[in-house]
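Remarks on the structure that follows.
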There are 2 protein chains.
Amino acid sequence: MIRIGSRSTGRPTLNEVAKLAGVSPITASRALRGISTVAPELVEKVRAAAQSLGYVANPAARALASSCSQTVVVLVPSLSNQLFIETLEAIQDVLRVRGLDVLIGNYHYSPEEEEKLLRNHLVNRPRGILLTGFDHTAASRQMLETSGIPCVHMMELDTRLGAYCVGFSQQQAGAEAAHHLLGRGRRRLAYMAAQLDPRVLQRGEGFRRVLESAGLFDPALQVSTRQASSIGLGGELFARLLDQHPDVDGVFFCNDDLAQGAALEALRLGVAIPERVSLVGFNDLPGSAHMVPRLTSIRTPREEVGQRAAQVLLGLLDGISQHPQVDLGFELVVRESS
Amino acid sequence: MIRIGSRSTGRPTLNEVAKLAGVSPITASRALRGISTVAPELVEKVRAAAQSLGYVANPAARALASSCSQTVVVLVPSLSNQLFIETLEAIQDVLRVRGLDVLIGNYHYSPEEEEKLLRNHLVNRPRGILLTGFDHTAASRQMLETSGIPCVHMMELDTRLGAYCVGFSQQQAGAEAAHHLLGRGRRRLAYMAAQLDPRVLQRGEGFRRVLESAGLFDPALQVSTRQASSIGLGGELFARLLDQHPDVDGVFFCNDDLAQGAALEALRLGVAIPERVSLVGFNDLPGSAHMVPRLTSIRTPREEVGQRAAQVLLGLLDGISQHPQVDLGFELVVRESS
DNA sequence: TTGTATGCGTTATCAT
DNA sequence: ATGATAACGCATACAA
């Protein structure tokens with residue numbers, strides 16, 4: 001007895017395509033997946049049949065049968081930071097042409113939330129995973145390990161374990177900012193840090209070391225808060241800093257929105273930039289080039305990071321052996337504020 | 001002959017849970033899904049068994065068997081506009097607690113790209129769909145229709161067809177800006193529009209009508225470009241406008257980044273804001289309150305839109321009858337620039 | 001190179 | 001209220 005299942009989606013199945021093409025379902029499957037063992041003429045027949053029926057493979061069935069999906073999971077700490085949006089776009093541009101769907105997860109700078117996202121996503125057996133940085137919970141690392149799913153870390157570099165990573169040295173970037181300010185003759189240098197994620201701390205570390213070597217490091221000028229980075233916060237912190245330490249003559253900000261806020265606050269306070277204080281931002285976010293004065297910043301290669309990370313992942317999926325670390329560097333963009 | 005399938009994921013299955021609990025798989029399935037026809041004691045047994053085995057349902061199998069997933073698709077025109085990020089966050093906050101996974105699609109303001117995303121996502125049988133606005137291709141509308149998947153439109157209102165929507169009147173918002181500027185005694189009013197998506201056009205329409213009623217509409221002062229909205233663009237367009245029409249005394253911007261760019265450019269040009277020109281932005285994006293001068297803007301309820309849209313969708317899934325249109329209004333925030 | 005048999009893990013159907 | 005059976009649509013393993 002033949003029953004038309006009410007559960008069916010109504011969409012044509014591989015079976016129907018195969019029937020129309022006069023081959024077995026498995027041959028149709030192979031043909032459509034581009035598996036070389038199928039005769040070219042059969043491939044053509046199957047393609048035509050699929051085309052005429054409007055066949056689209058059922059991802060659930062495919063995932064169930066093969067126990068792996070056509071998705072790649074990307075976990076970022078924030079979507080409010082324009083930085084990661086640009087990285088995500090680049091990732092999608094690369095993976096989309098390979099037929100991979102990109103699933104975005106935002107863990108709001110919380111490793112615990114990242115762990116939850118990872119757990120939720122792993123049950124779907126993604127083809128690959130792209131993570132931001134190396135600051136994951138032990139459970140996250142464990143899950144990644146046992147899942148065996150290819151993973152690439154973005155934004156930071158790390159030579160431990162041979163983990164695949166695409167990024168740049170956050171510490172060197174911080175050092176570069178310090179060198180630049182010193183080169184401008186600045187001596188009372190502050191670091192202004194919000195969010196305090198690992199990369200912010202690394203930049204601060206690089207900045208500190210250079211100042212220490214120069215004998216100019218003053219812990220009192222290290223402003224840090226766990227609050228989220230924002231323009232408003234940058235203004236507040238900058239005003240307070242100048243109030244408490246009027247002799248400050250240079251500030252490195254962990255992110256451009258802080259620097260933008262500081263520049264605007266300086267306008268209000270009548271503090272001359274860069275004459276009295278030099279400002280150096282980080283990431284070179286969209287608005288920075290248009291501030292008054294235009295902000296000096298360290299441009300980070302976020303699109304390139306996304307693109308290369310996605311490419312490395314594809315290489316992993318294709319079994320291509322490649323160097324685990326990709327250093328994309330960064331670029332100091334000198335404008336009017338320093 | 002028993003074979004340990006090499007295809008298995010190694011994770012415990014419903015079968016194993018059922019066995020451990022001493023019930024049939026289907027009872028275990030019902031128990032875990034909270035279907036009421038299962039005896040409380042059995043539910044407890046099954047829960048315990050699942051717990052001890054660390055059982056997590058396989059979404060692919062579930063989707064295949066039930067021909068519907070636990071995902072909701074959200075399509076937005078941009079991720080670069082902070083606006084939509086906040087909406088997305090609100091949506092996720094609501095849907096996550098119901099165990100629904102949110103899939104984000106960015107169609108870059110292209111209805112054709114939206115159509116592709118829709119087509120790709122529909123094969124996964126999402127539980128619901130959240131779209132931005134009403135500007136979809138005929139094919140998109142057709143697919144939505146035949147899919148029968150619940151859909152809520154965000155950001156705009158429309159009484160046609162009884163489509164579910166959560167938003168506010170873009171046209172009224174544009175009108176409000178005009179009224180405000182007129183109330184400030186401004187007479188040579190410009191509208192500066194980028195991107196030219198439907199909502200930008202609606203705001204311009206509302207703005208225009210008020211000016212026409214007042215006999216003050218001047219087409220020469222309507223600046224519009226398809227380019228993406230940005231701070232840099234705002235500065236450029238503003239400078240050009242002032243150059244060509246030195247008598248302009250008020251500008252309404254379709255988005256705050258344009259207004260921010262204009263404010264910065266005014267600083268450079270030495271144009272007094274608001275003395276010579278009043279500026280009114282739109283969306284009240286993060287930086288606007290900190291500009292010099294602080295920008296007047298129309299605050300749009302994007303978090304509320306996301307939250308309510310998600311709630312309406314949940315209502316639809318639960319078969320709760322509700323009013324198809326939810327008007328969340330907007331708020332003129334008067335600061336220093338007008 | 002192609003096909004047969006079977007399994008993936010879950011839920012719908014229908015019977016009890 | 002619970003269970004037996006089949007089906008969801010596709011891919012793997014192995015045979016031919």
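Labels below follow one simple rule: chain letters A, B, ... track the order of the sequence lines, proteins then strands, and each chain is numbered from 1.
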What's the [atom1]-[atom2] distance between [X] and [N], to the nearest Å?
X     : N      : atom1 : atom2 : value
A/I26 : D/dG9  : CD1   : P     : 17 Å
A/N58 : C/dT11 : CG    : P     : 15 Å
A/R62 : D/dC8  : CZ    : P     : 18 Å

Do the side chain of A/R30 and the base of C/dG3 come within less than 3.5 angstrom through a donor-acceptor pair of N or O atoms?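 Indeed, a donor on one side and an acceptor on the other fall under 3.5 Å apart.
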Give, ordered by number, those residues of residues 39-54 of chain B having at least one heavy-atom distance below 4.0 Å to an atom of DNA chain C; if nothing qualifies, reply none.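 Correct list: empty, so none.
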DNA chain C contacts among residues 13-21 of chain B, heavy-atom distance under 4.0 Å: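 Those residues are B/T13, B/L14.
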Any side-chain N or O of B/S24 less than 4.0 Å from the OP1 or OP2 oxygen of D/dG3?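 Checking D/dG3 against B/S24, a side-chain N or O does come within under 4.0 Å of OP1 or OP2.
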May I ask you to evaluate whether A/T27 reaches the phosphate of C/dG3, defined as a side-chain N or O under 4.0 Å from OP1 or OP2?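 Yes, A/T27 has a side-chain N/O under 4.0 Å of OP1/OP2 on C/dG3.
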Within the 4.0 Å heavy-atom criterion, would you say B/A57 contacts the bases, only the backbone, or no part of the nucleic acid?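 Sugar-phosphate only.
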Review item, side-chain donor-acceptor pairs of residues 22-32 of chain A, under 3.5 Å, at least two apart:
from	atom 1	to	atom 2	distance (Å)
A/S24	OG	A/T27	N	3.4
A/S24	OG	A/T27	OG1	3.2
A/S29	OG	A/R33	NE	3.2
A/S29	OG	A/R33	NH2	3.0

Using a distance-only test with no angle check, is there a side-chain donor-acceptor pair under 3.5 angstrom linking B/H108 and B/E114?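 Absent: no donor and acceptor within the cut-off.
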Check every atom of C/dT1, D/dT12, C/dG9 against the side chain of A/R33 and return the nucleotide holding the closest atom.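 Given the options C/dT1, D/dT12, C/dG9, the side chain of A/R33 is closest to D/dT12.
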So, applying side-chain contact (heavy atoms from CB on, under 4.5 Å) with A/I129, which one of A/V72, A/L313, A/L118 is it?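 Among the candidates, only A/L118 passes.
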